[in-house]
Amino acid sequence: MKKIGKQTIKFDTPPTILECSSIVGPKEAQGPLAKYFDQTLEDEFWGEKSWEKAESKIIKEATNMVIAKSGISSQDIDCVFAGDLLNQCISSSFGLREINIPFFGVFGACSTFVESLSLGAIATESFAKHVLCATSSHFCSAEKQFRFPLELGNQRPPSSQWTVTGSGAAILSKDGNGPYITHITPGKIVDMGIKDGNNMGAAMAPAFSDTLITHFTDTGRSPSYYDAIISGDLGHIGKDIAIDIAKSKGYNIKSNYNDCRSSYF
Amino acid sequence: MDPLETKKGYQDYVDKKSPNSKILKNCFNAFWVGGLICTIGQVILNICKERGFDTQTSGTIVSILLIGISAFLTGLNLFNKIGKFAGAGSLIPITGFANSIVSPAMEYKSEGYVMGVGGKMFTVAGPVLVFGISASILVGIIFLIFNTQSVTLV
Amino acid sequence: MDINWANVFNISSLLKCFLVGGIICIIGQILIDKTKLTPARILVIFVTTGAVLGGLGIYKYLVDFAGAGATVPLTGFGYNLANGAIEAVKENGLVGAFTGGVKAAAGGIAAAIFFGYLAALISKPKMKKQ
């Protein structure tokens, strides 16, 4: 593992993403990606009393599922990197309390999953053989914590985002035959002063573009090197903005770039 | 051009890029739903007056009934649909005030009946009471000092 | 007691009420769409505006003209608070400034708290579909 360029990490023995799993809520189950999810839920509560408990259950089941699918015993997993959107990462802390694997709580808001994969990958270069990475979010618990009560009769502006209800988990392994994580370019915080809480795409797009372009310069690659460039959740507006910014810096990412959020729903 | 040159430039660029709310349609819906809610209030008010209640009491009865209806519709998970359609049309009348009390009460039910429902009930509507009541006290004190309500005060 | 339904459904009073109530809501809608104000802030602006206009004696004319069209929107709630404070000041002096407003609006506030608690007891929030 070594640093190349300004802020990119290059792995000597790239870790393999051994197995992954996903569970999503009913709205995601109606989207175009529905057939790729392992499990879809019929309702947001999933038999629990509160959305927070439901979210904990989703991440718990998603991690159990990925462990079962990988065929690796949970005793052989050296640590777990997990997090979510809620205060104190309660969904993952409560969801993973019975899993008996050393736990690193991670908070990166929308970037939590990639952050846990990055830290997990770094761990495989040092002490860990197998690492579990997971994250969860829940539309209702996020709205409750960050926006307004669900029953409030307000209008959502056209630019407002929709938090995914669901969880994703993956197991990284020191050895394996790929798919590999070969490079990581952790991004800087870029704040262009957008204050509108209903236009998160516009707030996040500059940071995404900055990270992407730094990655191109650090690795010496161009956008066409990649089959796909994917951002977490910029949404339609953020995606357009990211394409524009990249273009103004001389990179054309239009043909192979996509955004999770604009493809989820 | 580079949209990231300045914060101001980026904000302008984002404003251009973001879709606008359909303001004409929203205003039309707000107008007729808001007008309709007020008219329902007026009908109740007229009935109360016919029954011989004074204006103050009639007004209070109108408020209580509209708040009751709004709470009922919120409880049936219907008010947010009306609100999505009508926007300010259901927010600005007293129904919106009731909804802003009922909706957090329901939302925080999962955190218990005392600190959840009881404590979080005013998370949205609290400021309305704080500013409304404070303003009324100031108005009262100013009236006490100047002993006049006339517009010449401004 | 017999109710004179012709008085209840007095078309001109209902029409004035509908128009004024609707126009006040349009002002609110423009604030929602054209500014980044949250619903709570918009409610605060309306209630404070109502109290100030009520204190200045202006809002009374709108109430006389439009009835519920002026009292049902939150500006009317503010007007009610301010008016109650002034009336009580006339009777009790300084104490009235503190008691009058809430007294006048007591019915609405108490109803909202009571029905709010009741609704929370019997029903559960649901996921928004859109």
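Naming convention: chains lettered A, B, ... in sequence-line order (proteins, then strands); numbering from 1 in each chain.
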Peer 1: Should we count CZ of A:F94 as having more than 12 external heavy atoms under 6.0 Å?
Peer 2: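 Check fails, neighbour count at 12 or below.
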Peer 1: Report which part of A:N199 has an atom under 4.5 Å of a heavy atom belonging to chain B: side chain, backbone, both, or neither.
Peer 2: side chain
Peer 1: For B:Y13 and A:I241, work out which heavy atoms get closest and say how close.
Peer 2: OH-CA, 3.4 Å
Peer 1: Might you confirm whether atom CD of A:Q145 has over 12 heavy atoms from other residues, nucleotides or ligands at distances under 6.0 Å?
Peer 2: yes
Peer 1: Should the heavy atoms of other residues, nucleotides or ligands under 6.0 Å from CH2 of A:W46 be counted, would the total exceed 12?
Peer 2: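 Yes, enclosed.
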Peer 1: I need the minimum non-hydrogen distance between B:S100 and A:L152, along with the two atoms involved.
Peer 2: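 Taking B:S100 first and A:L152 second, the nearest heavy atoms are CA-CD1, 3.6 Å.
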Peer 1: Can you establish whether the number of heavy atoms outside A:Y225 located under 6.0 Å from its atom OH is more than 12?
Peer 2: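 No, not enclosed.
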Peer 1: Shorter than 4.5 Å, heavy atoms on both sides: which option in B:Q11, B:M106, B:K17, B:K120 has the most such pairs with chain A?
Peer 2: B:K17
Peer 1: Counting distance only, does the side-chain N/O of B:N80 pair as donor-acceptor with the main-chain N or O of A:L150 below 3.5 Å?
Peer 2: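 Confirmed, B:N80 side chain pairs with A:L150 backbone.
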Peer 1: Strictly by modelled atom types, are B:N77 and A:E151 linked by a side-chain donor-acceptor pair under 3.5 Å?
Peer 2: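 A pair is found: one side chain offers a donor N or O, the other an acceptor, under 3.5 Å apart.
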Peer 1: Flag yes if more than 12 heavy atoms outside B:F131 fall under 6.0 Å of its CZ atom; otherwise flag no.
Peer 2: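 Not more than 12 within 6.0 Å, no.
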Peer 1: Could you state the interatomic distance from OH (B:Y108) to OG (A:S50), rounded to the nearest 0.5 Å?
Peer 2: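 These two atoms lie 12.5 Å from each other.
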Peer 1: Restricting to non-hydrogen atoms, name the atom on A:W51 and the atom on B:E107 that form the minimum distance, rounded to 0.1 Å.
Peer 2: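 For A:W51 versus B:E107, the nearest heavy atoms are CZ3-OE2, 3.4 Å.
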Peer 1: Closest approach of B:S110 and A:K49, non-hydrogen atoms and distance?
Peer 2: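 Taking every non-hydrogen atom into account, CB-O, 4.4 Å.
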Peer 1: Tell me if the CZ atom of B:F53 is crowded by more than 12 foreign heavy atoms within 6.0 Å.
Peer 2: no
Peer 1: Give me the atom names and distance for the closest heavy-atom approach of A:G153 to B:N99.
Peer 2: N-OD1, 2.8 Å
Peer 1: Measure B:A105 against the heavy atoms of chain A and call it side chain, backbone, both or neither at under 4.5 Å.
Peer 2: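 No part of B:A105 comes within 4.5 Å of chain A.
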Peer 1: Is atom CZ of B:F72 surrounded by more than 12 heavy atoms (other residues, nucleotides or ligands) closer than 6.0 Å?
Peer 2: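 No - once you tally the heavy atoms of other residues, nucleotides and ligands closer than 6.0 Å, there are 12 at most.
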Peer 1: Supply the atom-to-atom distance A:I194 CD1 to B:K7 NZ, rounded to the nearest 0.5 angstrom.
Peer 2: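 Between atom CD1 of A:I194 and atom NZ of B:K7 there are 10.0 Å.
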Peer 1: Take atom CZ in B:F85; do more than 12 heavy atoms of anything else shown fall under 6.0 Å from it?
Peer 2: yes
Peer 1: Between OG1 of B:T6 and CE of A:M192, what distance do you get to the nearest 0.5 Å?
Peer 2: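 Atom-to-atom, B:T6:OG1 and A:M192:CE are 6.5 Å apart.
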Peer 1: Please report the shortest heavy-atom distance between A:K144 and B:E111, naming the atom on each side.
Peer 2: NZ-OE2, 3.0 Å
Peer 1: So, does B:Y10 use its side chain to make a donor-acceptor pair with the main chain of A:A203 at under 3.5 Å?
Peer 2: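 Not confirmed, B:Y10 side chain does not pair with A:A203 backbone.
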